[in-house]
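The structure under discussion appears below in the form of structure tokens.
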Amino acid sequence: MSDTVFAKIIRGEIPCHKVYEDDKVFAFLDINPLAKGHTLVIPKEAAPSLDKLSDDSAAAVGRVLPRIARAVLAATGTREFNILQNNGPGAHQAVFHVHFHIIPKTVDGAGLGVGWKPQRFEHSEAATLAADIQKRLT
Ligand code: 5GP
């Protein structure tokens with residue numbers, strides 16, 4: 001496992017503006033914010049992407065993510081936000097330690113811009129695909 005900038009932040013070797021910490025989770029302000037209050041919530045477990053994260057760490061992050069989001073909204077006076085979670089360089093991931101972005105969407109338009117291009121949905125193909133995904137979850 002390579003040592004990432006986020007592992008160094010958790011260990012206190014690189015400074016950050018911390019907003020939350022418990023035994024499994026750490027959260028701090030993003031250094032290149034898309035909006036005021038842009039926060040990163042990370043597990044202390046050094047998994048490179050979400051599909052590699054343990055159920056325990058995933059549960060720990062999931063348990064505090066809404067609470068941290070509420071605090072970010074209250075502190076920034078915003079009501080809307082996006083949660084962004086990138087996995088892999090092609091999917092815009094730059095730091096290979098799982099992280100969830102909390103990005104306030106402000107009335108002046110700051111925040112996450114989303115390009116959303118839906119593809120054609122084929123029911124017969126979808127039935128096979130859904131069955132395949134279900135099988136792999138058991
Ligand atoms: P990704 O594109 O991997 O989902 O996002 C990585 C995020 O980490 C970026 O938004 C970037 O600004 C943030 N980041 C990278 N290095 C540092 C750092 O040293 N300190 C802080 N606070 N944020 C960082």
Side-chain angles (χ1 to χ4, degrees):
M1 178 83 53
S2 65
D3 204 18
T4 65
V5 66
F6 290 174
K8 291 178 179 146
I9 286 174
I10 292 168
R11 294 197 299 266
E13 294 165 14
I14 292 177
C16 74
H17 294 281
K18 180 168 89 174
V19 301
Y20 178 83
E21 181 172 13
D22 64 31
D23 58 330
K24 290 195 166 66
V25 182
F26 196 93
F28 54 102
L29 297 181
D30 194 298
I31 205 163
N32 296 303
L34 291 182
K36 193 170 123 189
H38 183 161
T39 297
L40 298 171
V41 181
I42 68 178
K44 289 188 173 174
E45 180 186 332
S49 57
L50 189 65
D51 51 301
K52 305 282 194 308
L53 189 65
S54 69
D55 287 357
D56 257 10
S57 286
V61 171
R63 201 170 64 83
V64 294
L65 195 53
R67 184 148 49 103
I68 298 171
R70 282 193 293 274
V72 169
L73 294 181
T76 57
T78 45
R79 300 177 61 176
E80 298 180 309
F81 66 105
N82 292 94
I83 298 292
L84 177 67
Q85 205 283 309
N86 300 323
N87 298 280
H92 215 283
Q93 184 180 12
V95 179
F96 297 95
H97 181 126
V98 172
H99 50 282
F100 291 77
H101 298 256
I102 298 172
I103 309 170
K105 190 73 184 174
T106 65
V107 285
D108 66 3
L112 182 69
V114 179
W116 194 277
K117 296 177 189 157
Q119 299 194 351
R120 194 180 175 79
F121 189 85
E122 299 286 356
H123 285 282
S124 57
E125 196 185 306
T128 310
L129 182 58
D132 189 25
I133 294 168
Q134 276 186 36
K135 193 175 71 190
R136 291 167 193 273
L137 280 165
T138 55

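Read the numbers this way: they start at 1 and go in the same order the structure lists the ligands and their atoms. Quick note: numbers below take in every heavy atom, side chains included, and nothing from hydrogens, waters or symmetry partners. All values reported here derive from a predicted model rather than from experimental measurement.
Screening residues 106-124 for salt bridge (charged side-chain N to carboxylate O under 4.0 Å, His left out), with sequence neighbours left out, gives Arg120-Glu122.
Exactly one residue among Val41, Ile68, Thr39 makes a side-chain contact (heavy atoms from CB on, under 4.5 Å) with Tyr20. That residue is Ile68.
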Return all side-chain donor-acceptor pairs below 3.5 angstrom for residues 45-54, not counting sequence neighbours, or 'none' if the list is empty.
residue	atom	partner	partner atom	Å
Glu45	OE1	Ser54	OG	2.6
Glu45	OE1	Ser57	OG	2.7
Glu45	OE2	Ser54	N	3.3
Ser49	OG	Asp51	OD1	2.8
Ser54	OG	Ser57	N	3.1
Ser54	OG	Ser57	OG	3.4

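For the pair Pro104 and Thr78, the tightest heavy-atom approach, listed with the atom from each and the gap, is CB-OG1, 3.6 Å.
For His99 and His97, the ring centers sit 6.0 Å or farther from each other.
The ring-ring contact (aromatic ring centres under 6.0 Å, His included) test applied to Phe100 returns no partner, not counting sequence neighbours.
A distance limit of 4.0 angstrom between heavy atoms and ligand 1 selects the residues Val5, Phe6, Ile9, Phe28, Leu29, Asp30, Ile31, Asn32, Leu40, Asn86, His92, Gln93, Ala94, Val95, His99, His101.
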